[in-house]
Amino acid sequence: MMLPLYDRLRSAIRTALATQYALDRDAAAIPLETPPTRAFGDIGSPVAFELARELRKAPRVIAQDLAAALGPIEGVTSVSAAPNGYLNVFLDRGAFLTARLAARGTAGPRGGKTIVEHTAINPNKAAHIGHLRNACLGDTLVRALRFRGSPVEVQNYIDDTGVQVADVVVGLRHLEGLDLAGVRAIADSTRFDYYCWDLYARVTEWYEADKARLAVRAETLHEIEHAIDPSAAIGAFVAERIVRTHLVTMGRLGIDYELLTWEGDILRLQFWARAFELLKQKGAIFLQTEGKLAGCWVMTIDEDGGVPAEGAEPAAPADGADGEEPREKVIVRSNGTVTYVGKDMAYQFWKLGVLGRDFKYRRFGTRLDGETLWATTSRTDEAVEPHPSFGAATATVNVIDVRQAYLQQLLKQALAVAGHPEAARLHTHFSYEMVALSHATARELGFAPPPGSEEAAKPFVEVSGRKGLGVKADDLLDRMIDKALGEVVRRNPELPAADARQTAERVGVAAVRYFMVKFSRTKVIAFDIDEALSFEGESGPYLQYAVVRANNIFQKLRDRDGLDEAAIARAVAAHPPTALAGDDAADRLWSLVLDAAKLDDVVDGCVRTLEFAGLAKYAFGLAQGFNAVYHALPVLAEERDDVRLWRAAALGYVRQQLAAALHTMGIDVPTRM
RNA sequence: GCGCCCGUAGCUCAGCUGGAUAGAGCGUCGGCCUCCGGAGCCGAAGGUCGCAGGUUCGAAUCCUGCCGGGCGCGCCA
């Protein structure tokens, strides 16, 4: 809970600037940072530096003026000017901690609803490691928004009428010669997502052996889109079965959704037809009559990025003096079928409440918290009333890998030219880089590129769903959990098997989830099994271990002294905060408390930049700080009552904040590990 | 060709809207379990922040140009 204090401080400095220099500054623009050591202060501001030129005064003088002009600020004991011009703020340490301990509860609702779409795996085969990065980032965003009290709706888009599902249907019908009953029998007796994984790779090979076979794919896709059986029925069966396996896989990681939106419903409910009208009305798309795209409805691609910045001049026509043809993107093919972009536009219009239509809804399953998982439907007979209100959000975020940046840009452009520039501005593409494999891991899994090949020279090995090349999400999780189980049993031989299993699951999940968010989203991850399996250093289990250790201290305080956290908070009031100020040890503990308080600021920054590596690093730093203090400053063995109690209070707060940070990343803490 | 992204220690990466002495993990070397759990802690070595200019009181951070690498630009998604 640092943000309210920052606000007070900024507003006080703003007032001082006004009274002292008659300057009218935006409070939000006043820079605040953390000084390198506590000796300099708890909060510092370089505000005097940027004013030096304007005021024709030395930064040090300005800082001195400001320090003198600042009235009393709640929670602040003193403000001083450093010789180099920094304005340094010192906090009332004891009051700060007791206020934090008393301030439970969450922030009130803020802002309109944000729809976050993530996962969106083609429902034709098992999830792989790349999908995990998407889901972990998306789920962390959702949790971060909830942490701030921002209304959020999580959706998972299901492309059940796409080429990838069609390919598996081709495999089932033409390679395996199965009908719906046969497919069902296989689905009931195998790991169906794994079966389809292999089958999909075989279908790809089958096409490559004879390109003429691609006609079978086109025909199958057409049948699926137009509800012609048996392809349509088999496709629907495959999609539903596979989606359920994906839900189970993601559920293992603590990831779930409020609504599954089915692409098929977008077609059947004429969402596309409606969006098509809107786009035609505005002249956003037109029927091309000549050239190679004759017969297609196309959208002209705005090379300047589609959405003009506010107040910017309208972009000049793309067909300028250079004589280049403006580029065009096909939205409706000459055979009348809609491309993915078209369907996505209709979906996006609905999300932002500008389509003028709604889905019907059915119950699909149960969420992790026991609530209903809803799915869209176009069938009146299975529609359920009443249902929660979906769609019509103020903002939307699509979690999709960076290779689709171009399509997402087109999506924004479509919104803008269809008459909704504001909606376009409120749509964000949360892009992230790919997950590849390290050479060592590719070798271990049996698909190392041939020596001397182009692939072998690259720094990592790319995965390919088409070739069946990659690490399945469930296999990875199984390995992580097995490895964790070995460690748990070795360290806790007396633990009952069921408890050990539960602990191992939490540790394994923590390892995967932390690994997926610790890198910047703009970085390609070269996934390495050994690195991911290592639980040492900067890893999810390291963070859990810190909380487990803290829990042990509080368990013992309860057992030995009969003190719970509420009792500690009360008892501390009777003593001066000697453990927080006075010597190096106290400064160290205080620094940790101060750091722990910044979770809200950190989460805010992550939501603003969509960069959750910052949250991961922050949590790791907190755990590191805790572990260091844990070794240096005993609680239970401390004989001075005041120091012992204040240390307990401080570590209790740190533990609470660290656990909250972990929860935001979807990491649960085991009771023992 | 055009667009986006990346280049920081041996390796993998942090470094927030420019600010106080460029950090962490792994690896290497050396310490610490009669002491709240060693998945831990303490210490050491290790960096022309790709290169060259520019803006600034101040640049790893912002701008320009190069160099090296990745991705995208389809009647696939």
Side-chain angles (χ1 to χ4, degrees), chain A residues 28-29 31 33 35-37 40 44-46 49-50 52-53 58-59 82 84-86 88 120 122 159 162-164 217 221 288 292-298 301 303 305 324 327 329-335 337 339-341 343-344 400-407 409 431 433-434 436 438 458-460 462 484 487-488 491-492 507 518-526 528 531 534-539 541-542 544-546 548-550 552-557 560 601-602 605-606 608-609 611 613-614 616-617 620-621 624 627-628 630-638 651 672-673:
Chain A
E33 48 191 66
T37 78
F40 290 171
S45 178
F49 294 105
E50 61 194 60
R53 169 183 292 252
N84 62 3
Y86 266 93
N88 286 329
N122 271 302
D159 184 4
V163 176
Q164 292 215 16
R217 165 199 271 178
L221 184 59
Q288 179 57 270
K292 51 191 264 195
L293 298 184
C296 298
W297 286 85
V298 302
I301 296 168
E303 299 290 354
E324 256 184 50
R327 295 202 298 149
K329 175 67 191 173
V330 173
I331 307 299
V332 181
R333 303 184 186 98
S334 54
N335 68 2
T337 57
T339 61
Y340 155 83
V341 191
K343 287 180 273 198
D344 215 15
I400 313 179
D401 75 63
V402 68
R403 291 177 306 184
Q404 290 203 41
Y406 178 65
L407 276 316
Q409 196 53 43
S431 76
E433 266 291 353
M434 309 304 301
S438 72
K458 291 185 178 177
F460 41 73
E462 251 189 276
E487 290 291 312
V488 171
R491 290 157 198 270
N492 306 276
V507 170
K518 74 185 246 193
F519 302 100
S520 280
R521 59 196 176 89
T522 53
K523 285 238 161 59
V524 178
I525 298 179
D528 185 90
E531 190 184 341
S534 166
F535 295 152
E536 287 175 2
E538 193 194 336
S539 68
Y542 175 93
Q544 292 176 309
Y545 189 58
V548 168
R549 284 174 139 185
N552 284 342
I553 295 176
F554 286 92
Q555 183 61 48
K556 291 195 165 135
L557 275 175
R560 192 189 70 178
D601 188 35
V602 169
C606 291
R608 201 174 56 243
T609 59
E611 187 50 86
K617 301 286 176 188
F620 176 63
Q624 258 185 329
N627 272 328
Y630 176 88
H631 279 274
L633 311 177
V635 175
L636 294 170
E638 174 56 49
L651 292 188
R672 272 203 278 176
M673 65 185 284

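Computed from a predicted structure; not experimentally measured. We use all heavy atoms of the structure for the numbers below, so side chains are in, but hydrogens, waters and symmetry mates are not.
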Sugar-phosphate, base or nothing in reach of A:Asp159, heavy atoms under 4.0 Å: sugar-phosphate

Closest to side chain of A:Val330, choosing from B:rU21, B:rC75, B:rC73: B:rC75

Test side-chain contact (heavy atoms from CB on, under 4.5 Å) applied to A:Asn122 - qualifying residues, sequence neighbours left out: A:Asn124, A:Asp159, A:Gln164

Sugar-phosphate only, base, or nothing, as touched by A:Ser334 at under 4.0 Å among non-hydrogen atoms: base

A:Tyr542 side chain near B:rC41 phosphate (N/O to OP1/OP2, under 4.0 Å): yes

Nucleotide B:rC73, atom P - distance to CG of A:Leu407 in whole Å: 8 Å

Qualifying residues under side chain to side chain donor-acceptor pair (under 3.5 Å), relative to A:Glu33, sequence neighbours excluded: A:Tyr86

Residues which pass salt bridge (charged side-chain N to carboxylate O under 4.0 Å, His left out) with A:Lys329, listed by chain and number, not counting sequence neighbours: none

Residue of the set A:Gln624, A:Lys518, A:Lys617 for which side chain to side chain donor-acceptor pair (under 3.5 Å) holds with A:Glu538: A:Lys617

Among B:rA20, B:rC6, B:rG72, the one nearest A:Asn88 by side-chain distance: B:rA20

Separation of B:rC16 P from A:Arg608 CZ (nearest whole Å): 12 Å

Sugar-phosphate, base or nothing in reach of A:Leu557, heavy atoms under 4.0 Å: nothing

Sugar-phosphate, base or nothing in reach of A:Lys292, heavy atoms under 4.0 Å: base

Integer-rounded Å distance: B:rU56 P and A:Glu50 CD: 16 Å

Distance, C1' atom - from B:rG15 to B:rU61, rounded to whole angstrom: 9 Å

With A:Gln288 via side chain to side chain donor-acceptor pair (under 3.5 Å) - residues at least two apart: A:Glu328

Gap in Å between the two C1' atoms, one belonging to B:rG74 and one to B:rC51, rounded: 37 Å

Interatomic distance, A:Asn627 CG vs B:rG38 P [rounded to whole Å]: 10 Å

Sugar-phosphate, base or nothing in reach of A:Ala294, heavy atoms under 4.0 Å: base

Length of the CZ-C1' vector between A:Phe460 and B:rG69, whole Å: 9 Å

All side chain to side chain donor-acceptor pair (under 3.5 Å) counterparts of A:Thr609, not counting sequence neighbours: none

Sugar-phosphate only, base, or nothing, as touched by A:Ser520 at under 4.0 Å among non-hydrogen atoms: sugar-phosphate

Whole-Å P distance, B:rG3 and B:rA9: 29 Å

Non-hydrogen side-chain atoms of A:Tyr406 and A:Ile301 separated by less than 4.5 Å: yes

Which nucleotides of RNA chain B pair, in dot-bracket form (Watson-Crick or G-U under 3.5 Å, | meaning another strand): (((((((..((((.....[...)))).(((((.......))))).....(((((..]....))))))))))))....

Sugar-phosphate, base or nothing in reach of A:Met434, heavy atoms under 4.0 Å: nothing

Integer-rounded Å distance: B:rG72 P and A:Gln404 CD: 11 Å

Nearest listed nucleotide, side chain of A:Tyr406, among B:rC73, B:rA77, B:rG37: B:rC73

Whichever of A:Gly295 and A:Ala28 has its nearest RNA chain B nucleotide further upstream toward 5': A:Ala28

Interatomic distance at P, B:rU64 relative to B:rC6, whole Å: 14 Å

Side chain to side chain donor-acceptor pair (under 3.5 Å) partners for A:Glu433, two or more places apart: none

Distance between C1' atoms of B:rC75 and B:rA59 (Å, rounded): 49 Å

OP1 or OP2 of B:rG7 under 4.0 Å from side-chain N/O of A:Lys523: yes

Touch class at under 4.0 angstrom, heavy-atom based, for A:Val548 against every strand present: base

Sugar-phosphate or base contact per nucleotide [nucleotides 42-47 of chain B; S, B, -; heavy atom under 4.0 Å]: S-----

Could you list the protein-to-nucleotides 26-36 of chain B atom pairs, N/O on both sides, closer than 3.5 Å?
unit_1, atom_1, unit_2, atom_2, d
B:rC36, O3', A:Lys556, NZ, 3.2
B:rC36, O2, A:Leu636, N, 3.1
B:rC36, N3, A:Val635, N, 3.1
B:rC36, N4, A:Tyr630, O, 2.4
B:rC36, N4, A:Leu633, O, 2.9

Sugar-phosphate, base or nothing in reach of A:Pro31, heavy atoms under 4.0 Å: nothing

Sugar-phosphate only, base, or nothing, as touched by A:Phe519 at under 4.0 Å among non-hydrogen atoms: sugar-phosphate

B:rA45 versus B:rG31 - spacing of their C1' atoms, nearest Å: 15 Å

A:Val330 and A:Trp297, any side-chain heavy atoms less than 4.5 Å apart: no

Validation row, ring centre A:Phe620 to ring centre A:Tyr542 under 6.0 Å: yes

Touch class at under 4.0 angstrom, heavy-atom based, for A:Phe535 against every strand present: base

Qualifying residues under side-chain contact (heavy atoms from CB on, under 4.5 Å), relative to A:Ala120, sequence neighbours excluded: A:Glu117, A:Asn156, A:Tyr157

Heavy-atom side-chain contact between A:Glu50 and A:Pro31 under 4.5 Å: yes

Rounded interatomic separation in angstrom, taking CZ from A:Phe620 and C1' from B:rG40: 12 Å

Shortest side-chain distance from A:Glu462, nucleotide among B:rA20, B:rC71, B:rG40: B:rC71

C1' gap between B:rC4 and B:rG23, integer Å: 28 Å

Base orientation of B:rC33, syn vs anti, 90° cut from 0: syn

All side-chain contact (heavy atoms from CB on, under 4.5 Å) counterparts of A:Val163, not counting sequence neighbours: A:Asp167, A:Arg217, A:Leu221

Donor-acceptor pair between A:Asn627 and A:Tyr545 side chains, under 3.5 angstrom: no

For A:Thr522, side-chain contact (heavy atoms from CB on, under 4.5 Å) partners two or more places apart: A:Ser520

C1'-based separation of B:rU56 from B:rC13 [nearest Å]: 29 Å

Most 5' of A:Gly44 and A:Val332 on RNA chain B, judged by nearest nucleotide: A:Gly44

Integer-rounded Å distance: B:rG74 C1' and A:Ile331 CD1: 12 Å

